[in-house]
Asks: 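Submitted below is the structure of interest, expressed as structure tokens.
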Amino acid sequence: MKDSYYEHIIHGGDYNPDQWINTKEIWDEDMRLMDLAHINSATVGIFSWSLLEPEEGVYSFSWLDEIMDKLDRHGKKVILSTPSGARPPWMAEKYPEVLRVSENGIRNEYGVRHNHCLASPVYRKKVSEINRALAERYKDHPALFMWHISNEYSGECHCELCQQAFREWLKKEYDNDIEKLNFKWWGGFWSHRYSSFSQISSPKDRGENHVPALKLAWKRFVTDSHISFYENEIAPIRELTPEIPVTTNLMRFYNGIDYQKLSEHLDIVSWDNYPEWTHPDFLGIACETAFAHDIFRSMKNGKPFYMMESTPSLINWRPVNKLPASGITELAAIQAVAHGADSVQYFQWRKGRGGHEKFHGAVVDHCGKEDTRVFRDTEKLGRVLSQLDRAVGSRTKARAAVICDWENSWAVEGYCGYRRDGRDYFKVCERWYRAFWERGIPADVVPMDRDISGYDIVVAPYLYMLKDGTVQRLSSFVQNGGTLIATCLTGIADRDDLCYLGGFPAEELKDVFGVWCEETDSLYDDELSRIAYGEKEYKGTELCDILHLIGGETLGSFLSGFYKGSPAVTKNSYGKGEAYYVAFCPGDDFISDFISPLADKKGLLPDINASLPKGVIARKRGELIYLMNFTSQSKTVDFGETYTDHLTKSVLTSAVLPEYGYLILE
């Protein structure tokens, strides 16, 4: 597929003209305001099913015809949505099987969104019919640019249709061999040997919820169910509009679905970006957001992604929904572009008068005027984005990677042992990513089954579960000259959560790291381990592995606990490369001090050759360098060489970045 689908950065977002169908004069006002704000795209029809098909088989497209034509006359591209995220009331009334059944066995009543059974033949048929009708009607419309499939796929159903589908899925997964499943699930524990697949049900609070392999299998099944549902959705669209790309909007670190697997079925990855920019740890939020951008960018091997939703002001669903300061939403948009976004899109264009999200931020507020802070900020950003055509389709070359795997997050979350609380796998991965981000060194964020041979440094935090082939990929990477870093809780179990025998990590990884782990200690929340590394002392939290050397060398040791003096940081030469094992949960200070010399040794250079003040981050994408100030104070940067300001064409050797300011440099 293409690296880009449009020559400009897409600037737009969710537009809900159907909510204003009784006041159509607002449609014309929207066109005028979109022109003023340099909006070049609108995402239409996400939750419009009850208006598009008010009665079964009776379609009403005249309002959408009018909107599509208006947007086209004003030069706007349309990202047309399929409406399956929220079905119309008549369908639930006539076909109650389309509604989900919760874990307690009770079928949901009509309401909210994503309250549909993925396995329901009726719902799949109805979705296919409305999607075909949309594709047939608009396949030749000049404004049609992209398909937005459903909205934020999520959730699960426990009805009998889904139970049967799960059992059929298990038969394929385990070669229709119940004894193979019994062994993989360690069925001898608690007398859990099944004699038939018909005896297996989804994990529930009122039923079986203590078999880790069952919970992993269910998550994989739910992922495959969403993929199957998605493929059913897009079948008529692929048939009738084969040249139009399709996407669906993903949600940050939502782990109900394996996004890395789902992304393989998308033409372009898109996601909804809602950081808590009003949090006191602003720099931490900026890093977490950068990490998320790079996860989604990495899903298609570095191909640009779309930021399908963001807020131009506030959100409405946190306990306290504070307004971000002026400049922050613009900086957030530039950060997205710097990390590979070919779009800046909002939820929403105009605030609705009623409903659950009537107080969610929008470009056009209830006052309906352009003389507002948010509208002026959007208009200013639109002018900047219109000057960034050179960014469109460009990629970031990364020589470092952090392995962050969706299935591993399930396994880490699901085992019973060590510490029960505080298992934030994504946060641990982000902590290691941050050492590269703060230095302006780009890093990909990849699943464990991705080819890693092209990187110089790979960090694999908390690699508890190993998929098939992972050991061989890691071993080959180091053997061929790569630098691999692992942490405590590495190589504990296989993909069915069966523990490896012979001590951890898994057998071949012992040779790679030159260590084996006899025990793992868990620390209380207020307890810290002390570690000597280099000439400094560091603190560790949560977990400590007790290691034995089998060829590796000790670089740092524990200074506390009954394992005082045992290795805390080790290094092993393996083939042409090196493997490091960090046997504790380190803080940012250790990770920073640890990564820096390794990056220097490998020649991983920052994206800009300048000493940057804390909180100022550089990111190069294509030929442009984005310099971003994630602090509330102005910062002076001396470049040490000459750059050109891409927007003003001024020649610079230094610059003062205002609070939450940025520069785009050539």
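Throughout, numbering of the chain's residues begins at 1 and tracks the sequence.
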Asks: Measure the NE2-CG distance between His8 and Asn40 for me, rounded to the nearest 0.5 Å.
Replies: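 Result: 7.5 Å between the selected atoms.
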
Asks: Rounded to the nearest 0.5 Å, what separation is found between the OG atom of Ser386 and the NE2 atom of His38?
Replies: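 Separation between the atoms: 6.0 Å.
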
Asks: For Glu264 and Ile227, run side-chain contact (heavy atoms from CB on, under 4.5 Å): C-alpha distance rounded to whole Å, both residues' side-chain angles, the deciding distance at 0.1 Å, then the answer.
Replies: CA-CA 10 Å; Glu264 297 170 8; Ile227 291 172; over 6 Å; no

Asks: Do any pairs count as a side chain to side chain donor-acceptor pair (under 3.5 Å) and have a residue in residues 312-321, sequence neighbours left out, and if so which ones?
Replies: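 Qualifying pairs, neighbours excluded: none.
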
Asks: Report the C-alpha separation of Trp406 and Phe253 in whole Å, then their side-chain angles, then the decisive distance to 0.1 Å, and conclude whether the ring-ring contact (aromatic ring centres under 6.0 Å, His included) test is met.
Replies: CA-CA 9 Å; Trp406 245 260; Phe253 307 134; 7.3 Å; no

Asks: Give the C-alpha distance, both sets of side-chain angles, the deciding distance and a yes or no for side-chain contact (heavy atoms from CB on, under 4.5 Å) between His148 and Thr82.
Replies: CA-CA 6 Å; His148 180 304; Thr82 64; over 6 Å; no

Asks: Identify, with sequence neighbours excluded, every residue that meets salt bridge (charged side-chain N to carboxylate O under 4.0 Å, His left out) alongside Arg350.
Replies: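 Residues passing salt bridge (charged side-chain N to carboxylate O under 4.0 Å, His left out) with Arg350: Asp30.
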
Asks: Mind checking the CG-CH2 spacing from Asn255 to Trp410? Nearest 0.5 Å is all I need.
Replies: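 Answer rounded to 0.5 Å: 8.0 Å.
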
Asks: Could you tell me which residues satisfy side-chain hydrogen bond (donor to acceptor under 3.5 Å, both in side chains) with Tyr138, sequence neighbours excluded, listed by chain and number?
Replies: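 Scan of Tyr138 (side-chain hydrogen bond (donor to acceptor under 3.5 Å, both in side chains), adjacent residues dropped) gives Asp65.
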
Asks: For Glu160, give me all partners under salt bridge (charged side-chain N to carboxylate O under 4.0 Å, His left out), at least two apart in sequence or on another chain.
Replies: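 Glu160: salt bridge (charged side-chain N to carboxylate O under 4.0 Å, His left out) contacts with Arg167.
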
Asks: Just verifying a value: how many Å separate Arg113 CZ and Phe47 CZ, rounded to the nearest 0.5 Å?
Replies: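 Those atoms lie 4.5 Å apart.
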
Asks: Using ring-ring contact (aromatic ring centres under 6.0 Å, His included), reason through Phe296 and Phe305 one step at a time and then give a plain yes or no.
Replies: CA-CA 7 Å; Phe296 293 107; Phe305 61 91; 7.4 Å; no

Asks: Only counting residues at least two apart or in another chain, list the ones meeting side-chain hydrogen bond (donor to acceptor under 3.5 Å, both in side chains) with Asp224.
Replies: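 So Asp224 forms a side-chain hydrogen bond (donor to acceptor under 3.5 Å, both in side chains) with Trp169, Lys261.
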
Asks: With a 4.5 Å heavy-atom cut-off, do Asp405 and Tyr425 have their side chains touching?
Replies: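 In contact.
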
Asks: Does any part of the side chain of Thr378, heavy atoms only, come nearer than 4.5 Å to the side chain of Glu330, both counted from C-beta?
Replies: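 In short, these two side chains do not touch, never coming nearer than 4.5 Å.
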
Asks: Which is it for Lys358 and Lys351 under the side-chain contact (heavy atoms from CB on, under 4.5 Å) test, yes or no, and what are the steps along the way?
Replies: CA-CA 6 Å; Lys358 64 181 176 290; Lys351 283 184 179 178; over 6 Å; no

Asks: Do Thr43 and Tyr15 have side-chain heavy atoms sitting under 4.5 Å apart?
Replies: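 Result no, sub-4.5 Å side-chain heavy-atom pair not found.
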
Asks: Going by ring pair (Phe, Tyr, Trp, His ring centres under 6.0 Å), name the residues that satisfy it together with Phe630, two or more places apart in sequence or in a different chain.
Replies: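 Partners of Phe630 under the ring pair (Phe, Tyr, Trp, His ring centres under 6.0 Å) test: none.
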
Asks: Who passes salt bridge (charged side-chain N to carboxylate O under 4.0 Å, His left out) against Lys369, sequence neighbours left out?
Replies: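 With neighbours one apart ignored, the set is empty.
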
Asks: Let's go through Ser48 and Asp18 carefully: what are the C-alpha distance in whole Å and the side-chain angles of both, what is the deciding distance for side chain to side chain donor-acceptor pair (under 3.5 Å) to 0.1 Å, and is it a yes or a no?
Replies: CA-CA 7 Å; Ser48 301; Asp18 45 312; 3.1 Å; yes

Asks: Apply side-chain contact (heavy atoms from CB on, under 4.5 Å) to the pair Phe61 and Glu53, showing each step before the final yes or no.
Replies: CA-CA 8 Å; Phe61 291 130; Glu53 191 179 3; over 6 Å; no

Asks: Extract all donor-acceptor atom pairs below 3.5 Å that involve side chains of residues 128-136 and protein atoms in other chains or at least two apart in sequence.
Replies:
unit_1, atom_1, unit_2, atom_2, d
Glu129, OE2, Lys125, NZ, 2.5
Asn131, ND2, Glu233, O, 3.1
Asn131, ND2, Glu233, OE1, 2.9
Arg132, NH1, Glu239, OE2, 3.4
Arg132, NH2, Glu239, OE1, 2.7

Asks: With sequence neighbours excluded, what pairs up with Trp147 under the ring pair (Phe, Tyr, Trp, His ring centres under 6.0 Å) test?
Replies: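 With sequence neighbours excluded, Trp147 shows a ring pair (Phe, Tyr, Trp, His ring centres under 6.0 Å) to no residue whatsoever.
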
Asks: Within the 3.5 Å criterion, strictly below it, is a donor on Gln345 or Ser41 matched to an acceptor on the partner's side chain?
Replies: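 Looking only at side-chain atoms, Ser41 and Gln345 do not form any donor-acceptor pair under 3.5 Å.
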
Asks: Step through it carefully: locate the ring centre of Trp218, locate the ring centre of Phe166, and say whether they are under 6.0 Å apart.
Replies: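 Aromatic pair counts; centres sit under 6.0 Å.
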
Asks: Roughly how far, to the nearest 0.5 Å, is CG of Asn273 from CE of Met251?
Replies: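 One gets 13.5 Å once the value is rounded to the nearest 0.5 Å.
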
Asks: Output all residues satisfying side-chain hydrogen bond (donor to acceptor under 3.5 Å, both in side chains) with Glu66, sequence neighbours left out; order by chain, then residue number.
Replies: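 Glu66: side-chain hydrogen bond (donor to acceptor under 3.5 Å, both in side chains) contacts with Lys24.
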
Asks: Taking atom types as modelled, is there a side-chain donor on Ser84 or Ser150 under 3.5 Å from an acceptor on the other?
Replies: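 Checked: Ser84/Ser150 side chains pair up, N/O donor to acceptor below 3.5 Å.
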
Asks: Considering only distance and modelled atom types, tabulate donor-acceptor pairs under 3.5 Å from the side chains of residues 139-146, sequence neighbours left out.
Replies:
unit_1, atom_1, unit_2, atom_2, d
His141, ND1, Ala143, N, 3.1
His141, NE2, Asp69, OD1, 2.8

Asks: Can you pull out every ring-ring contact (aromatic ring centres under 6.0 Å, His included) where at least one residue sits in residues 90-117? Sequence neighbours excluded, please.
Replies: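 Every ring-ring contact (aromatic ring centres under 6.0 Å, His included) pair that includes a residue of residues 90-117, provided the two are not neighbours, is His114-His116, His116-Tyr123, His116-Phe229.
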
